[in-house]
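In what follows, a structure is listed as structure tokens, so that the remarks can point back to it.
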Amino acid sequence: MDLPIYQEEAAPKSGGCSAGSCGSTDDQLGHLSDDIRKKVEDHPCYSEEAHHYFARMHVAVAPACNIQCHYCNRKYDCANESRPGVVSEVMTPDQAVKKTMAVAATIPQMTVLGIAGPGDPLANPERTFETFRQLSEKAPDIKLCVSTNGLALPAAVEELSKHNIDHVTITINCIDPDVGAQIYPWIYWENKRIYGREGAAILIEQQQKGLEMLKEKGILVKVNSVLIPGVNDQHLKEVSKVVKAKGAFLHNVMPLIAEAEHGTFYGVMGQRSPSPAELKELQDACEGDMNMMRHCRQCRADAVGLLGEDRGAEFTLDKIEQMDIDYDKAMEFRAEVRAGIQAELDAKRAEKAKVVPLEDSPRGRPVLMAVAAKGAVINVHFGHAKEFMVYEATYQGARFVGHRKTDSYCAGDETCGDGDSILDKTIKSLEGCEVVLCSKIGYEPWGNLEAAGIQPNGEHAMEPIEEAVMAVWNEMLAAGKLDAPVEAKKRA
Amino acid sequence: MALEIIESCVNCYACQPVCPNDAIYEAKPHFLINEDKCTECVGDFADAQCASICPIEGAILDELGVALNPPGSLTGIPPERWAAAQAEIQARGGSPL
């Protein structure tokens, strides 16, 4: 059997993701109870560590929606775009079940099946629950989860709890109807279209009620929020506090995606997206109150594979029709593969527990470094990187803080973007980073990066990310580059 | 008295389950309304249900051919702004929205 993801992504057995990603996961999920931790530690969307090893898939069985968001356009068919709400083919529950089992047999580390759209899963209750019902019976080794805008959530909680779903994601962009009126033009509620503030107030009430009811049932809740500069940026700090108090265990603040080409209200009206620095600032501000998720890749409603990749093209309806799946056999194999990954992760956690923190290190300033890697070692050529992971290095160690996409969201089409060369865009996307670590880099980008004040570094190829990041930080510290704040240094 | 779904429909299924008369059915290239069954929801609801949940401006017409959700009414994008954005994208060599 062909196991491409496992071979490519989980190959770095020696060294692995050392302290790095694992470290931030420990921080991220550290104060959860053992019970909750057990539920999320192999979920790629909830655990930063797990997302290097475990894959997820979405099935697009839920096309209908009961609200309109200003960042969404319901004419959602584009094969080249990767963003929420976009899919290529909507499936029936039977087709979705078949696809899920085909993927599970081909990609044994696929642990999670989610229904996320392209509309709202709970606005399509029959299609969504029929899919869950069949899967809990035929593929009991797959975790099920669902994301929703929350409007129909209170009415669905009872049914959700029957299907052994232990994770639900609610998108909550606001708790104030005045803010909501700037995000949601209308909702469909009790047989009426309700516009503006009044609609937003109902939506907010249902979201909060749904969150409380899920908590009551012991179902884990993650909250997604879209950061919209000038609309809800300051407000999200309050949202984070409130949802935490009501029992959400993780908060995922994502940047608004808005381009005129998408035909969304925000795109056409020129609403800007947040910069990576603004996103990080808000995530940092919320962090004191809440576990923040930083590795979200804002994937499509039909994505398949590890986060950041999409293997959906291998599992189109025609292709799965040709596959003959013996699921009992596949389940045995899946269990073996998962046990292998788990043993590897346990060994790494044990290794990490031995590391003594360096308390007496001199306190150089924090440095952001971009890393071109797939998995846990620096193994991607600068020019081949589709995204960079960003680490913040301090005297306490390296911490994963986010990722940067290097191209516009619509790949490979000259009509997208503003005409900047790809290299210029890439360099722009690395704003705020002082170093970029990659396996190799060409002569031209080297010069351009240096000119932009970013130091390229290819000396740590195939080394574990965190060790490399800290090695570079320590070199900078020894060279006296970390004494002054960045601003002062630039002016000098 | 019947409503009509036209080609701008994106086949999102939203209208089908909310119709009180079971008048809407899946078809190619888009959903259709059985005009013998459609009552425009008179007697059941204050507003036609399909047109109250449909996210696409102009996709549902009344019997006079008038859009129940005219341009700008659902997205909040003023039609002139939409036209300007279209023109700008085409000027850049992009395909129209």
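The sequence lines fix the lettering, A, B, ..., with proteins before strands; numbering per chain opens at 1.
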Out of B:A84, B:P55, B:P17, which one racks up the most heavy-atom pairs below 4.5 Å with chain A?
->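 Of B:A84, B:P55, B:P17, B:P55 has the most heavy-atom pairs under 4.5 Å with chain A.
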Chain A shares the most heavy-atom pairs under 4.5 Å, among B:P20, B:S8, B:C54, B:A46, with B:C54
Heavy-atom contact with chain A under 4.5 Å, split by part of [X]:
{"X": "B:A51", "answer": "backbone"}
{"X": "B:I56", "answer": "side chain"}
{"X": "B:Y13", "answer": "both"}

Apply the test side-chain contact (heavy atoms from CB on, under 4.5 Å) to residues A:K192 and B:D47: give CA-CA distance (whole Å), side-chain angles for both, the deciding distance (0.1 Å), then the verdict.
-> CA-CA 7 Å; A:K192 283 196 200 77; B:D47 305 309; 4.3 Å; yes
Can any side-chain N or O of B:Q49 pair as donor or acceptor with the backbone N or O of A:N191 at less than 3.5 Å?
->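 It does hold such a pair.
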State whether the side chain of A:R74 and the backbone N or O of B:C12 hold a donor-acceptor pair below 3.5 Å, judged by distance alone.
->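 Side chain of A:R74 to backbone of B:C12: no pair is present.
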Does a side-chain N-to-carboxylate-O contact under 4.0 Å join A:E261 and B:R92?
->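 Salt bridge flag = yes for B:R92 with A:E261.
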Taking all heavy atoms of [X] and all of [Y], pick out the closest pair and write down the distance.
{"X": "A:A64", "Y": "B:A14", "value": "CB-CA, 3.5 Å"}
{"X": "B:R81", "Y": "A:M269", "value": "NH2-O, 3.1 Å"}
{"X": "B:I53", "Y": "A:W186", "value": "O-CH2, 3.5 Å"}

Which distance, rounded to the nearest 0.5 Å, do you find between the [atom1] of [X] and the [atom2] of [Y]?
{"X": "A:R193", "Y": "B:N69", "atom1": "CZ", "atom2": "CG", "answer": "4.5 Å"}
{"X": "A:I194", "Y": "B:S52", "atom1": "CD1", "atom2": "OG", "answer": "10.0 Å"}
{"X": "B:I77", "Y": "A:Y266", "atom1": "CD1", "atom2": "OH", "answer": "11.5 Å"}

B:E80 atom CD, neighbour heavy-atom count above 12 within 6.0 Å = yes
